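All values derive from a computational prediction rather than experimental measurement. To find a chain, count down the sequence lines: A is the first, B the second, and so on, and within it residues start at 1.
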Amino acid sequence: MPELPEVEVVKNFLKSNFQKKKIIKVKIINKNLRFEIQSIIKTKLTNLIITKIYRRGKYLILLLENNLSLMIHLGMTGYFRMTNEENRKKHDHLIFYFCSKVLIFNDVRKFGFIKLYNFEELNDSKHLKDMGPEPFSDGFNLNYFTKKIKRKCSVKNLLMNQKFVAGLGNIYCSEILFDAGVNPEKICNELSKKQIEKIILSTRRILEKAINFGGTTIKNFVVNNEKIGYFKNKLKVYGKENQSCPRCKSLAKIQRIKQSGRSTFLCTKCQN
DNA sequence: AGGGCTACCTGTACGC
DNA sequence: TGCGTACAGGTAGCCC
């Protein structure tokens, strides 16, 4: 599920409720996520204060006392919910107990994971060390884009590559390229300067809008029991196969194609 | 080196 | 009702 906007929304939720709060206890219900949850976190995290919470790409990072950091990835279906007492659901895997709250990590498909790092090892981890710039950072600019372009790669696959730019996934790549008027199958070394500039602009515009609407709910994006994600109503092409193009109106229908095994939605009339 | 493909896991929707 | 198939926001780790 979660791409950058959804992870940003989760980060804000965690930040406003758990930053500066002390973890009283950790309980592992099922350690078999994508990577096994280290049982050491039960003892290591007990009685530590979460000093800072932030996002890098699609990763959530919790900084803790004792120079520790917790890396969390939500995979496709991971989410957190906050309760006042232990209130279990199917596919709950981990529980953090705080003074008056309980925070539960749930993940149906178990593609998510939680890993403990010493802070100084965090950015050298395999997950973060080659990650591309944040889309909102100055580093994601025309010069960077132009230099990083490799032939033989479609522009959609380029944007999906976390080493190129952090945080974009399957939904937003379709939406961004529709907004930019660029065909997702375009080979990226054939992009004009103008198109690259448009893609950078559209990336920021779409992500910002999605964050402001609380992300996108397709199936099960949940924050604290609430299905939010009103950006779903704002999607222009994703999941809109055979509907008329919102830009050319009746002239063309939205098509679904496959790129690297994943669905891409586009209008072949207005995306060139 | 860098891209493509598959595996990982569970649930849902749809055709027959 | 059941069964088989396709598909779903993720990435690591193979293979070429």
Checklist line | Rounded distance (Å) that lies between atom P of C:dA8 and atom CD of A:Gln259 | finding: 13 Å
Check: Does A:Arg109 make a side-chain donor-acceptor contact with the base of C:dA8, cut-off 3.5 Å?
Finding: yes
Notebook entry, point to check: Does the side chain of A:Lys258 get closer than 4.0 angstrom to OP1 or OP2 of C:dA8 through an N or O atom?
Noted result: yes
Notebook entry, point to check: So what does A:Phe113 touch, heavy atoms closer than 4.0 Å: a base, only the sugar-phosphate, or nothing?
Noted result: nothing
Notebook entry, point to check: Atom CD of A:Glu241 to atom C1' of B:dA13: distance rounded to whole Å?
Noted result: 15 Å
Note to self: Output the rounded distance in Å from CD1 (A:Ile72) to C1' (C:dT11).
What the structure shows: 17 Å
Check: Parallel, tilted or perpendicular: which fits the ring planes of A:Phe113 and A:His127, with parallel below 30° and perpendicular above 60°?
Finding: tilted
Next item on the list: Indicate whether the side chain of A:Glu6 and that of A:Tyr79 have a donor and an acceptor atom separated by less than 3.5 Å.
Entry: no
Note to self: Is any side-chain heavy atom of A:Asp179 closer than 4.5 Å to one of A:Leu201?
What the structure shows: no
Notebook entry, point to check: Does B:dC9 have a Watson-Crick or wobble mate here (both distances under 3.5 Å), and if so which one?
Noted result: none
Note to self: How many whole angstroms separate atom NZ of A:Lys163 from atom P of B:dA1?
What the structure shows: 11 Å
Note to self: Rounded to whole Å, please give me the gap between CG in A:Leu168 and C1' in C:dG10.
What the structure shows: 14 Å
Item checked: Nucleotide of B:dG11, C:dA12, C:dC7 approaching A:Ser263 most closely (side-chain heavy atoms) -> C:dC7
Item checked: A:Lys186 atom NZ: more than 12 heavy-atom contacts under 6.0 Å -> yes
Check: Does A:Arg262 place a side-chain N or O at less than 4.0 Å from the phosphate oxygens OP1/OP2 of C:dC7?
Finding: no
Notebook entry, point to check: Roughly how far apart, to the nearest Å, are B:dA1 and C:dT11 at atom P?
Noted result: 23 Å
Margin query: Just N and O in the side chain of A:His73: are any of them under 4.0 Å from OP1 or OP2 of C:dA12?
Written below: no
Next item on the list: Round to a whole Å and report the spacing from CG of A:Asn189 to P of B:dG2.
Entry: 15 Å
Check: Hey, does A:Asn157 reach any base, or is it just sugar-phosphate, or nothing, if we go heavy atoms under 4.0 Å?
Finding: sugar-phosphate
Next item on the list: To the nearest Å, give me how far apart CD (A:Gln162) and C1' (B:dG4) are.
Entry: 16 Å
Notebook entry, point to check: According to the 5.5 Å centroid and 30° plane-angle thresholds, does A:Phe111 stack upon the nucleobase of B:dC8?
Noted result: yes
Next item on the list: With heavy atoms under 4.0 Å as the rule, sort A:Phe35 into base, sugar-phosphate or nothing.
Entry: sugar-phosphate
Note to self: Rounded to whole Å, how long is the line connecting atom NE2 of A:His93 with atom P of B:dC9?
What the structure shows: 12 Å
Notebook entry, point to check: Quick one: are A:Pro135 and A:Leu4 in side-chain contact, heavy atoms under 4.5 Å?
Noted result: yes
Checklist line | Over all atoms of both residues, closest heavy-atom pair of A:Asn272 and A:Thr268 | finding: OD1-O, 4.1 Å
Note to self: Does B:dG11 have OP1 or OP2 under 4.0 Å away from a side-chain N or O of A:Lys90?
What the structure shows: yes
Note to self: Which nucleotide wins on minimum distance to the side chain of A:Lys126, given the candidates C:dA8, B:dG11, C:dA12?
What the structure shows: C:dA12
Notebook entry, point to check: Base, sugar-phosphate alone, or nothing: which one does A:Lys148 contact when heavy atoms must sit under 4.0 Å apart?
Noted result: nothing
Checklist line | Options C:dA8, B:dG11, C:dA12, nucleotide nearest the side-chain atoms of A:Val108 | finding: B:dG11
Checklist line | Phosphate contact (C:dT11 OP1 or OP2) by A:His127 side-chain N/O below 4.0 Å | finding: no
Margin query: A:Thr264 and side chain to side chain donor-acceptor pair (under 3.5 Å): which single residue from A:Gln255, A:Glu185, A:Gln259 fits?
Written below: A:Gln259
Note to self: If you compare every side-chain N and O of A:Lys152 against the phosphate oxygens of B:dG3 (OP1, OP2), does one of them come in below 4.0 Å?
What the structure shows: no
Item checked: C:dT5 versus B:dA7 - spacing of their P atoms, nearest Å -> 16 Å
Item checked: 5'-most by nearest nucleotide on DNA chain B - A:Arg34 or A:Lys110 -> A:Arg34
Note to self: Given B:dG3, C:dG10, B:dG4, identify the nucleotide with an atom nearest to the side chain of A:Ser260.
What the structure shows: B:dG4
Notebook entry, point to check: What is the nucleic acid contact for A:Gly169, judged by heavy atoms within less than 4.0 Å: base, sugar-phosphate only, or nothing?
Noted result: sugar-phosphate
